[in-house]
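Here's the structure we're looking at; comments come further down.
Because the structure is a prediction, the values reported are computed rather than measured. Chain identifiers are assigned alphabetically (A, B, ...) following the order of the sequence lines, protein sequences preceding nucleic acid strands; residue numbering begins at 1 within each chain.
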Number of protein chains: 2
Amino acid sequence: MHKVAAAAGVSPMTVSNTFRYPARVQEETRQRVREIAAKLGYIPNHAAGNLASGQSRVIGAVIPSIKNSSFYKYVRGMQDTASEQGYELVLKLADTLEQETAAIQTFLGLRVAGIALVGDQHEDVAIDLMRKTGVPVVESWVHDNPFDLAVGYSTVAATRAMVDLLLDAGRERIGFIGYAGAVSHRFTERVPAFQERLVAKGLRSDLLYLVDEADGFGAGPKALEGLCKLDPKLDAVLCPTDIVAAGVLFECGRRGWKVPDRLAIAGWGDYEIASETTPGLTTLQPHAYEMGQESMNMIIKRVAGKKPRGKVVDTGFHIVKRASV
Amino acid sequence: MHKVAAAAGVSPMTVSNTFRYPARVQEETRQRVREIAAKLGYIPNHAAGNLASGQSRVIGAVIPSIKNSSFYKYVRGMQDTASEQGYELVLKLADTLEQETAAIQTFLGLRVAGIALVGDQHEDVAIDLMRKTGVPVVESWVHDNPFDLAVGYSTVAATRAMVDLLLDAGRERIGFIGYAGAVSHRFTERVPAFQERLVAKGLRSDLLYLVDEADGFGAGPKALEGLCKLDPKLDAVLCPTDIVAAGVLFECGRRGWKVPDRLAIAGWGDYEIASETTPGLTTLQPHAYEMGQESMNMIIKRVAGKKPRGKVVDTGFHIVKRASV
DNA sequence: TCAGATAATTGTAGCGCTACAAATCCTGTT
DNA sequence: AACAGGATTTGTAGCGCTACAATTATCTGA
């Protein structure tokens with residue numbers, strides 16, 4: 001900074017202002033400083049700025065997995081919104097709670113302005129740390145009991161809507177594929193919501209099968225086999241993700257089963273593959289992009305002191321009807 | 001830090017050493033400091049440490065897209081390797097060169113220890129900045145002309161291998177699906193490599209079709225239609241990604257074409273879907289995880305001054321044979 | 001017991017930047 | 001010409017931490 005200042009014949013403070021508060025600096029001066037900075041390859045040191053001002057324009061997001069497209073739109077929404085408002089989004093991947101905690105610690109060490117998390121299950125250490133440091137935190141894909149801020153949709157309402165859709169289609173032996181590794185309400189909440197509807201209609205509500213991973217195609221065939229053992233006349237399945245649904249669909253192809261005549265298949269997440277299979281997959285669209293946008297908006301407003309703690313935003317969902325149901 | 005020091009009855013320097021150089025501090029003291037730090041929710045301020053030491057344990061990676069699984073293993077490889085060696089990996093998404101430049105600027109502002117990029121096409125501004133600041137930079141998925149460090153495999157050799165595979169399978173009217181938005185050698189290099197083999201055999205080498213996006217299923221049907229217009233007797237296609245290949249496969253299903261009898265389909269990337277379709281997709285496995293590992297190793301060695309500039313590592317590839325060819 | 005060596009701890013200074021207050025420069029008035 | 005009042009610019013101090021040198025504690029063997 002000093003070199004730039006010297007080269008431009010101004011004080012270091014003017015250089016600082018040029019980048020932080022351009023309005024404070026005269027057009028002409030600003031231009032000159034910018035030019036010289038560019039020529040010298042000068043980039044303001046965020047770390048030092050952060051230290052001096054106690055503020056940061058960096059927001060950290062912890063993402064469970066990029067193995068599939070489920071979080072793509074969510075991340076895009078965050079990225080777009082953050083950069084629109086002059087913030088920077090950096091990502092860390094974490095597939096387990098331990099990794100999430102490590103990621104949170106890294107972000108805390110970086111003194112980010114805020115943290116975006118997925119889900120409401122976190123290690124105690126992490127919760128403790130976030131509480132003690134007081135960083136703004138937004139949890140997404142969840143609907144209630146926010147740690148600080150939350151944005152999501154109601155999994156329960158969505159599950160009910162999906163089951164109703166299958167019932168309306170005249171299905172009576174509906175199977176449910178769950179995610180065994182689920183530490184999150186996002187997955188576990190679905191079971192009771194699923195059963196409640198069937199019980200009300202006097203139908204079997206015990207056609208449940210848990211798979212190890214929610215993102216693999218391979219889970220589909222396994223689950224279908226498991227469910228068929230419980231009821232060979234199974235006529236519909238509700239899947240945890242479109243990937244699993246596609247796996248089931250491929251398996252139906254191998255078995256020569258017509259979809260949806262022999263089996264109706266409902267997916268979840270509106271992944272790209274849902275629109276590309278034949279038949280297309282009926283699925284639940286979780287408004288991921290909007291969730292990403294809103295999560296950044298909440299964090300940024302919180303940084304500005306405009307949002308109270310404990311705030312929840314419901315971004316809703318809608319069902320995309322295709323031929324598989 | 002001072003609060004922790006006071007609470008533990010030691011000097012701030014001892015607290016600093018406890019975290020940075022545990023070996024320098026007596027077991028007993030270290031333990032006490034750690035406990036009190038945990039109780040107080042103290043996390044060392046990376047920004048300040050970075051500033052004081054002029055060093056950083058954070059490495060930034062710019063990733064083109066998380067829309068599909070193509071980069072999943074690559075990121076995992078980076079993440080695992082970085083954390084094994086005590087570094088932190090943070091990610092930024094960038095789908096365009098402008099976004100990449102912005103991401104690089106952010107990382108530079110954060111004063112990261114190194115930067116990992118995908119491909120060898122970058123904006124001049126970005127190149128200039130990286131050169132002037134002298135950060136270690138590793139480009140991956142590319143094989144030559146490194147800006148600093150590079151790790152990848154030979155797209156040319158891989159294309160040749162794929163074409164040979166189709167020729168060995170007795171195909172004579174082979175179509176090539178390319179990626180129109182390709183700014184990178186990764187995609188453009190393939191065309192001449194593709195043609196060279198066919199010309200040598202005296203076969204048509206003009207069955208080319210460019211699609212807008214390499215990651216969408218939808219590109220498959222479009223490309224197939226385009227290629228069939230050029231040659232209705234097309235008997236094989238080489239796709240830019242498994243996603244496109246799956247799109248072609250689905251389209252064959254709609255048309256009632258048997259794969260590989262009527263049309264052989266070769267994918268690229270060994271995405272998960274390649275093993276789950278029926279028939280399975282023959283594809284090219286780019287050793288992405290190893291690429292991620294090696295890219296971090298190179299950066300970290302470079303930080304330690306052990307690697308010279310201009311170093312390239314070839315992580316190779318191999319062909320996964322399945323039923324589609 | 002004590003010099004001499006090693007281990008453990010501790011001040012000091014300063015990393016690059018920004019908040020804040022103070023100083024300087026302009027303009028248009030009177 | 002003098003001056004109020006705003007626009008610009010500029011010192012000063014300090015953010016939280018670490019390199020480095022200096023200090024103090026502890027141990028060794030004769």
Side-chain angles (χ1 to χ4, degrees), chain A residues 1-34 36-37 40-58 86 88 105-113 132-135, chain B residues 1-34 36-37 40-58 86 88 105-113 132-135:
Chain A
M1 197 172 82
H2 282 79
K3 282 183 194 167
V4 175
V10 296
S11 76
M13 239 357 266
T14 300
V15 177
S16 172
N17 283 331
T18 302
F19 289 97
R20 293 264 313 165
Y21 304 101
R24 286 188 190 165
V25 180
Q26 210 180 339
E27 173 70 31
E28 191 191 352
T29 317
R30 199 192 315 158
Q31 211 109 57
R32 188 153 37 93
V33 171
R34 280 246 160 82
I36 291 180
L40 264 46
Y42 168 76
I43 292 190
N45 186 333
H46 258 73
N50 182 339
L51 188 58
S53 70
Q55 295 187 334
S56 167
R57 307 292 280 180
V58 176
E88 294 290 347
Q105 281 173 325
T106 302
F107 283 147
L108 254 18
L110 250 21
R111 297 293 189 273
V112 294
K132 277 178 181 154
T133 55
V135 255
Chain B
M1 196 171 84
H2 282 79
K3 281 184 194 166
V4 175
V10 295
S11 76
M13 242 353 269
T14 299
V15 177
S16 172
N17 283 331
T18 302
F19 289 97
R20 293 262 315 165
Y21 304 101
R24 286 188 191 166
V25 180
Q26 211 181 338
E27 173 70 32
E28 192 190 351
T29 317
R30 198 192 318 158
Q31 211 109 56
R32 188 154 34 94
V33 171
R34 280 247 161 82
I36 290 179
L40 263 48
Y42 168 75
I43 292 191
N45 185 334
H46 258 73
N50 181 341
L51 188 59
S53 71
Q55 296 186 334
S56 167
R57 308 291 282 179
V58 176
E88 296 290 348
Q105 280 173 326
T106 302
F107 283 147
L108 254 17
L110 249 20
R111 297 293 188 272
V112 294
K132 277 177 180 152
T133 55
V135 254

Could you pull out the closest heavy-atom pair between B/V112 and B/S56, with the gap in Å?
CA-OG, 3.8 Å
So which atom in B/V33 and which in B/A8 form the shortest heavy-atom distance, rounded to 0.1 Å?
CG2-CB, 4.3 Å
Test the B/R34-B/Y42 pair against the cation-pi criterion, namely NZ or CZ under 6.0 angstrom from the six-membered ring centroid and within 45° of the ring axis.
no
Looking at C/dA19, I'd like to know if its phosphate oxygens (OP1 or OP2) sit under 4.0 Å from a side-chain N or O belonging to A/R20.
yes
Side chain to side chain, B/V10 and B/R32, heavy atoms closer than 4.5 Å:
yes
Interatomic distance, A/H46 atom NE2 to B/N50 atom CG [nearest 0.5 angstrom]
12.0 Å
Regarding A/N50, tell me which of base, sugar-phosphate or nothing describes its non-hydrogen contacts under 4.0 Å with the strands shown.
nothing
Nucleic acid contacts - residues 23-30 of chain A versus DNA chain D, non-hydrogen atoms under 4.0 Å:
A/R24, A/V25, A/Q26, A/T29
Using a 4.0 Å heavy-atom cut-off, does A/Y42 contact any base of the nucleic acid, only the sugar-phosphate backbone, or nothing at all?
sugar-phosphate
B/T133 and A/G41 have their tightest heavy-atom pair at CG2-O, 4.1 Å
I need the NE2-C1' distance between A/H2 and C/dT18, as an integer number of Å.
12 Å
Can you check whether B/R111 reaches A/I43 side chain to side chain, under 4.5 Å on heavy atoms?
yes
5′-ward residue of the pair B/A52/B/G9 relative to DNA chain C:
B/G9
Heavy atoms only, 4.0 Å cut-off, all strands: where does B/G54 land among base, sugar-phosphate and nothing?
nothing
Going by heavy atoms in the side chains, are A/T29 and A/T14 under 4.5 Å from each other?
yes
Once you round it to whole Å, what is the distance between C1' of D/dT18 and CG of B/L51?
10 Å
According to a strict under-4.0 Å criterion, is B/T14 in side-chain N/O contact with OP1 or OP2 of C/dT10?
yes
What's the closest nucleotide to the B/M13 side chain, out of C/dA19, C/dT10, D/dC17?
C/dT10
Expressed as a whole number of angstroms, how long is the span from B/M1:CE to D/dG14:C1'?
15 Å
B/P44 near the nucleic acid: base, sugar-phosphate alone, or nothing, with a heavy-atom cut-off under 4.0 Å?
sugar-phosphate
Nearest-0.5 Å distance that lies between atom CD in B/E88 and atom CD in A/Q105:
9.0 Å
So what is the end-to-end bend of the helix from C/dT1-D/dA30 to C/dT30-D/dA1, with 5 pairs used at each end and the value given to 10 degrees?
40°
Can you tell me how far P of C/dC17 sits from CG of B/N45, to the nearest Å?
16 Å
Answer yes or no: is there a side-chain heavy-atom contact under 4.5 Å between B/V25 and B/Y21?
no
Send over the distance from B/H46 NE2 to D/dC17 P, rounded to a whole Å.
12 Å
Length of the CZ-P vector between A/R57 and C/dT18, whole Å
12 Å
Can you tell me if the side-chain N/O atoms of B/S11 get under 4.0 Å from OP1 or OP2 in C/dT9?
no
Regarding B/F19, tell me which of base, sugar-phosphate or nothing describes its non-hydrogen contacts under 4.0 Å with the strands shown.
nothing
For the pair made of OH in B/Y21 and C1' in D/dT18, what is the distance, rounded to whole Å?
8 Å
